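Scroll down for the structure; my scribbles are underneath it.
Source: prediction; values computed, not measured. Order of listing sets the numbers, starting from 1, for every ligand and every atom in it.
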Amino acid sequence: MEMKKTELETETKQKDILILGIESSCDETAASVVKNGRMVLSNVISSQIDLHTLYGGVVPEIASRKHIERINQVVTQALADAGVTLDDITAIAVTYGPGLVGALLVGVAEAKAIAFAADKPLVGVHHIEGHISANFIEHKELEPPFACLVVSGGHTHLVVVKDYGEYEIIGKTCDDAAGEAFDKVARAIGLGYPGGPKIDKVAKEGNPEAIHFPRAKVGENAYDFSFSGLKSAVLNYLNACEMKGESVNTADVAASFQKAVTDVLVEHAMHACEQYGFKKFAIAGGVASNSALRAAMEEACAKRHITFYRPSPVFCTDNAAMIAVAGYYEYCKGTRSGWDLNAVPNLKLGER
Ligand code: KG4
Ligand code: ZN
């Protein structure tokens, strides 16, 4: 029997899995609707950057308060932009860690309230799993296994993505995260917060070979990183210039620092791909939007016949589409969170 159009539509609708993702782990209040894990129907991000710029960094208390003010509106907008109602949503996915505890709690409480009121399943998502999953949005053909470098404000992880939701961390930073180093150096050279995008921009006017900053080697693990020595080297250079009464070329410092970070990230990532035999390599996290890093990784991968994947910059920095994508794969695996879901500020990748 042939189905009427409305019946067919209903059936198709039932087959589609729509995830409402919510993200509030740091200074972006975000919500998104994603269809079948890969198609972004809406992506609303309300950034608080302007507020925190006044203080030179994220002020946790202000972040929590702003999330509370904005979250309902952001969720409503995400549903409206997607052209759906809560009824159409299959499940609610929310970042529950890692991040700022007060900020995380706002998203978790919102997601629990919506899931409870609308009688929908709730899926807690790891923020870094979200960053990695951002690669699935624009690379429909990408499937695990692959290697991924996660570089954000709080994390620098070299990860083997064994399967959806299955990770092995093979390298990590021993001190500062890559994004943290960008932010600290930006502050030292007077660029202010947020440092990453500002260094990226200013570096385009500078010479990356002007100053040789050290490329730190750390301990036994060839895949670990260390950025605090590099940060100190930049500070020492600035102090030495001041003592000698020499003027500092900000663009050259930015470009040389960025080159030192990029060289180390590329070297370790390519070493891992070669040792593990990976032919697919992805980058993720806020620092993955850095233009010099993207260009250097692209070139290094091409040289080794490795396929390089990277999300568009809007999906590299914090967003809720990536949380909905990760939530989709967790939902399909049967992951469900209870009403006791709580914020876990130090949640480790792979832990629940
Ligand atoms: O992933 P993300 O938005 O938030 C965290 O989970 O931490 O990453 C934020 C970090 C900040 O340290 C910011 O300075 C850095 O990413 N970042 C960049 C760029 N855009 C953002 N770093 C270098 N170049 C960029 N273009
Ligand atoms: Zn992030």
ask   = Are Phe136 and Tyr329 an aromatic pair by the rule of ring centers under 6.0 Å?
value = yes

The protein heavy atom nearest to atom 22 (N) of ligand 1 is Gly196 CA, 3.2 Å

Item to complete: Compute the minimum heavy-atom distance from Ser289 to ligand 1 and say whether it is under 4.0 Å.
Response: yes

Quick note on ligand 1: atoms under 4.0 Å from a heavy atom of Gly154 include exactly 7 (O)

Is it true that, when you exclude Glu299 itself, more than 12 heavy atoms of the residues, nucleotides or ligands shown sit nearer than 6.0 Å to its CD? no

Practice item. Spell out, yes or no, whether Leu149 and Ile170 are grouped together once hydrophobic residues are joined by side-chain heavy atoms under 4.5 Å, including indirect joins. Key: yes

Honestly, for Thr317 the part within reach of ligand 1 (heavy atoms, under 4.0 Å) is both

Checking Asn207 against Asp252 for the side chain to side chain donor-acceptor pair (under 3.5 Å) test, could you report, in this order, the C-alpha distance in whole Å, the side-chain angles of both residues, the deciding distance, and whether it holds? CA-CA 5 Å; Asn207 173 11; Asp252 281 351; 5.4 Å; no

Near His127 (heavy-atom distance under 4.0 Å), the atoms of ligand 1 are 6 (O)

Polar atom proximity, Gly153 to ligand 1 (N or O, under 3.5 Å):
yes

Among N, O or S atoms, Asp318 approaches the Zn ion (ligand 2) most closely through OD1

Any chance you could lay out the side chain to side chain donor-acceptor pair (under 3.5 Å) test for Glu23 and Asn319, step after step, and finish with the verdict? CA-CA 7 Å; Glu23 155 67 36; Asn319 66 88; over 6 Å; no

Residues Ile137 and Ala321: closest non-hydrogen pair is CD1-CB, 4.1 Å

Exercise. Ignoring hydrogens and angles, state whether a donor on the side chain of Asp176 or Ser228 is under 3.5 Å from an acceptor on the partner side chain.
Key: no

Does Lys201 come within less than 4.0 angstrom of ligand 1, counting non-hydrogen atoms of the residue?
no

min-distance protein heavy atom vs atom 13 (C) of ligand 1 -> Asp183 OD1, 3.8 Å

Check step by step if side chain to side chain donor-acceptor pair (under 3.5 Å) holds for Gln275 and Tyr223. CA-CA 11 Å; Gln275 293 297 306; Tyr223 309 125; 4.8 Å; no

Among non-hydrogen protein atoms, atom 15 (C) of ligand 1 lies closest to Val287 CG2, 3.9 Å

| query | If we only count N/O pairs under 3.5 Å, is Pro194 in contact with ligand 1? | reply | no

Looking at Ala288, Gly286, Ala134, the heavy atom closest to atom 1 (O) of ligand 1 belongs to Gly286

Checking heavy atoms under 4.0 Å, the part of Glu28 that sits near ligand 1 is neither

among protein heavy atoms, the one nearest atom 24 (N) of ligand 1 is Asn290 ND2, 3.0 Å

For this session: Measure from the side-chain N and O atoms of Thr95 to the backbone N and O of Val125, and report whether any donor-acceptor pair falls under 3.5 Å.
Result: no

Nitrogen or oxygen of Gly285 less than 3.5 angstrom from that of ligand 1 = no

Under 4.0 Å between heavy atoms, the region of His155 that gets near ligand 1 turns out to be neither

Does atom CD (Glu242) have a neighbourhood of more than 12 heavy atoms from anything else shown, all under 6.0 Å?
no

Atom 3 (O) of ligand 1: closest protein heavy atom, distance to 0.1 Å, is Asp318 N, 3.1 Å

